[in-house]
Amino acid sequence: ASKTGEILVSGISKTDSRPRLYLLKADGTDPIVLPANLPAGNISPDGRRIVSATVYANTPLYRVDTFASAGRKLEPVKALDSPRVESTPKYSPDGRRVAVSSTRNLNWEIWVWDADFSNGKSVFPGGGATAGSPAWSPDGQWIAFDARLHGAVADVWIMRANGEGARQLTDDPAEDIVPCFDSTGEWIYFTSLRTGALQIFKMPATGGPATQVTKGGGFDGRFSPDGKYLYYLQSRDKGGLWRLEVATGKEEAILPDFQNRNFAVLRDGIYMLDPGVPSRSATMRQGEAKFYRFATRRVEKLG
């Protein structure tokens with residue numbers, strides 16, 4: 001509290017479940033929402049300044065062979081160094097580029113690199129935005145992502161892969177995040193809190209009304225290569241790998257004990273990097289490579 005009567009309060013937003021910092025009068029009135037990236041701290045006696053501390057992490061990107069040959073270990077190799085944090089890398093469909101969410105310029109931005117991590121370029125600069133979770137269209141021409149402008153609730157955006165024509169697709173008061181394209185590129189599927197619980201919705205990639213597709217919970221979906229199934233976690237906090245049959249809307253559990261969003265759907269199975277905990281708790285935790293084979297419905301441990 002300050003001598004002028006203002007107090008700082010840290011709380012959780014009802015619309016997107018994110019921590020917020022509020023400045024309000026001592027009687028609890030006239031709250032002002034401070035920038036989302038401002039950590040909690042102390043207010044000066046005159047009520048004009050706030051002091052807080054921020055920890056800057058250094059998180060480079062690594063890559064590793066997906067399947068080790070007989071008798072060999074999986075050996076991670078640093079692919080992209082960084083002064084800060086690199087996150088959610090996604091290869092383009094042709095394997096020639098990688099889209100990454102990065103804080104190398106302080107704000108969260110979308111960067112596109114060549115596959116060898118040369119010729120990097122920021123294609124969606126911060127400028128008060130927080131951008132992440134990039135996803136490529138099947139033809140590699142577009143990138144969908146989520147972004148928060150000036151601390152606002154997250155929405156789904158789309159732009160050309162070179163950064164041109166960025167535009168916002170959703171504008172619901174609730175959180176809309178982690179988009180992905182269907183196999184035709186005509187639809188974008190995304191996770192939303194607009195029903196009060198995280199569910200997956202879809203909307204035309206050109207924009208338009210959104211339709212709910214999961215009923216039992218859904219987070220961070222991605223399609224099978226044939227486009228018949230949408231795979232997703234049932235819960236952001238508890239996990240559970242499920243799939244939705246697009247033609248019928250049938251939802252079924254595939255790996256109820258798998259908790260993390262680090263998975264990729266291949267033609268013959270699901271590749272997973274499993275730290276054994278939900279994504280929010282997985283930072284700096286050692287994981288294990290696993291493969292769920294569709295033909296046997298069994299999980300193979302890869303090391």
Arg222 and Tyr231 side chains, donor-acceptor separation under 3.5 Å: no
Pairing of Lys228 and Glu245 as salt bridge, 4.0 angstrom limit: no
Side chain Thr170, main chain Asp172, donor-acceptor under 3.5 Å: no
Arg236 bridged to Glu175 by N-O distance under 4.0 Å: yes
Pair Ser235, Asp237: side-chain N/O donor-acceptor within cut-off below 3.5 Å: no
side-chain contact (heavy atoms from CB on, under 4.5 Å) partner of Leu198, the single match among Asp220, Thr191, Leu233: Thr191
Least distance between heavy atoms, Glu109 atom then Asn105 atom: OE1-ND2, 3.2 Å
Tyr292 and Phe294 aromatic ring geometry - parallel, tilted or perpendicular at 30°/60° bounds: perpendicular
Nearest non-hydrogen partners of Thr206 and Leu169, listed with the distance: C-CD2, 4.5 Å
Ring centroid separation Tyr232 to Phe219 under 6.0 Å: no
Passing candidate, side chain to side chain donor-acceptor pair (under 3.5 Å) with Thr214, options Glu251, Lys202, Gln199, Gln234: Gln199
Whether Tyr271 and Phe67 hold their rings parallel, tilted or perpendicular, with breakpoints at 30° and 60°: perpendicular
Inter-residue atom distance Phe201.CZ - Ile188.CD1, 0.5 Å rounding: 15.5 Å
Validation row: Leu302, Lys290 side chains within 4.5 angstrom (heavy atoms): no
Reported OG-to-CH2 distance for the pair Ser133 and Trp108, which is rounded to 0.5 angstrom: 9.5 Å
Ring centres under 6.0 angstrom apart (Trp157, Phe124): yes
Under 3.5 Å side-chain donor-acceptor pair for Ser82 and Arg84: no
Audit row: Phe181, Glu186, side chain to side chain contact (heavy atoms under 4.5 Å, CB included) steps and yes/no: CA-CA 7 Å; Phe181 286 87; Glu186 296 178 359; over 6 Å; no
Arg104 to Trp111 six-membered ring, cation-pi geometry met (6.0 Å, 45°): yes
Heavy-atom donor-acceptor pair, Trp136 side chain to Lys90 backbone, under 3.5 Å: yes
Close side-chain approach of Thr184 and Pro138, heavy atoms under 4.5 Å: no
Over 12 non-hydrogen atoms of neighbours within 6.0 angstrom of CZ in Arg63: yes
Side chains of Leu230 and Tyr189 in contact at under 4.5 Å (non-hydrogen atoms): yes
Donor-acceptor under 3.5 Å (Asp182 side chain, Gly185 main chain): yes
Heavy-atom pair of closest approach, residues Ala131 and Ser101: O-OG, 2.9 Å
Spacing of Ile254 atom CD1 and Leu241 atom CG [to the nearest 0.5 Å]: 7.0 Å
Check: Asp146 side chain, Val178 main-chain N or O, donor-acceptor pair, under 3.5 Å: yes
Donor-acceptor contact present, side-chain Ser92 to main-chain Arg97, <3.5 Å: yes
Criterion side chain to side chain contact (heavy atoms under 4.5 Å, CB included) on Thr195 and Gln212, from CA distance to verdict: CA-CA 9 Å; Thr195 65; Gln212 184 176 343; 3.5 Å; yes
Flag side-chain contact, heavy atom, 4.5 Å: Leu61 against Val100: yes
Approximate separation, where rounding is to 0.5 Å, of Ser224 OG and Tyr229 OH: 8.0 Å
Contact check, side chains of Pro225 and Val265, non-hydrogen atoms, under 4.5 Å: yes
Whether over 12 other heavy atoms sit under 6.0 Å from Lys121 NZ: no
Verify same cluster id: Val156, Leu149 (apolar side-chain graph, 4.5 Å): no
Aromatic ring pairing Phe263/Phe258, orientation class (parallel under 30°, perpendicular over 60°, tilted between): perpendicular
Worked verdict on Leu244 versus Val213 for side chain to side chain contact (heavy atoms under 4.5 Å, CB included): CA-CA 8 Å; Leu244 171 86; Val213 297; 4.1 Å; yes
Least distance between heavy atoms, Asp94 atom then Arg96 atom: OD1-N, 3.0 Å
Distance in Å, Asn260 CG paired with Leu273 CG, rounded so as to fall on 0.5 Å steps: 8.5 Å
Heavy-atom closest pair, residues Asp176 and Ser192: OD1-OG, 2.6 Å
Sub-4.5 Å side-chain heavy-atom contact between Trp187 and Val246: no
From Ile143 atom CD1 to Ile158 atom CD1, the distance as rounded to the nearest 0.5 Å: 10.0 Å
For Phe117 against Trp113, the heavy-atom pair lying closest together: O-CE3, 3.4 Å
4.5 Å side-chain heavy-atom contact, Asp268 and Phe291: yes
Backbone N/O of Met272 and side chain of Asn262: donor-acceptor pair under 3.5 Å: no
Verdict with supporting geometry, Ser102 and Glu86, side-chain hydrogen bond (donor to acceptor under 3.5 Å, both in side chains): CA-CA 5 Å; Ser102 172; Glu86 311 295 328; 3.0 Å; yes
Test log, rule side chain to side chain contact (heavy atoms under 4.5 Å, CB included), inputs Lys301 and Glu288: CA-CA 8 Å; Lys301 294 186 177 182; Glu288 185 175 16; 3.4 Å; yes
pair Met159-Ile110: side-chain heavy atoms closer than 4.5 Å: yes
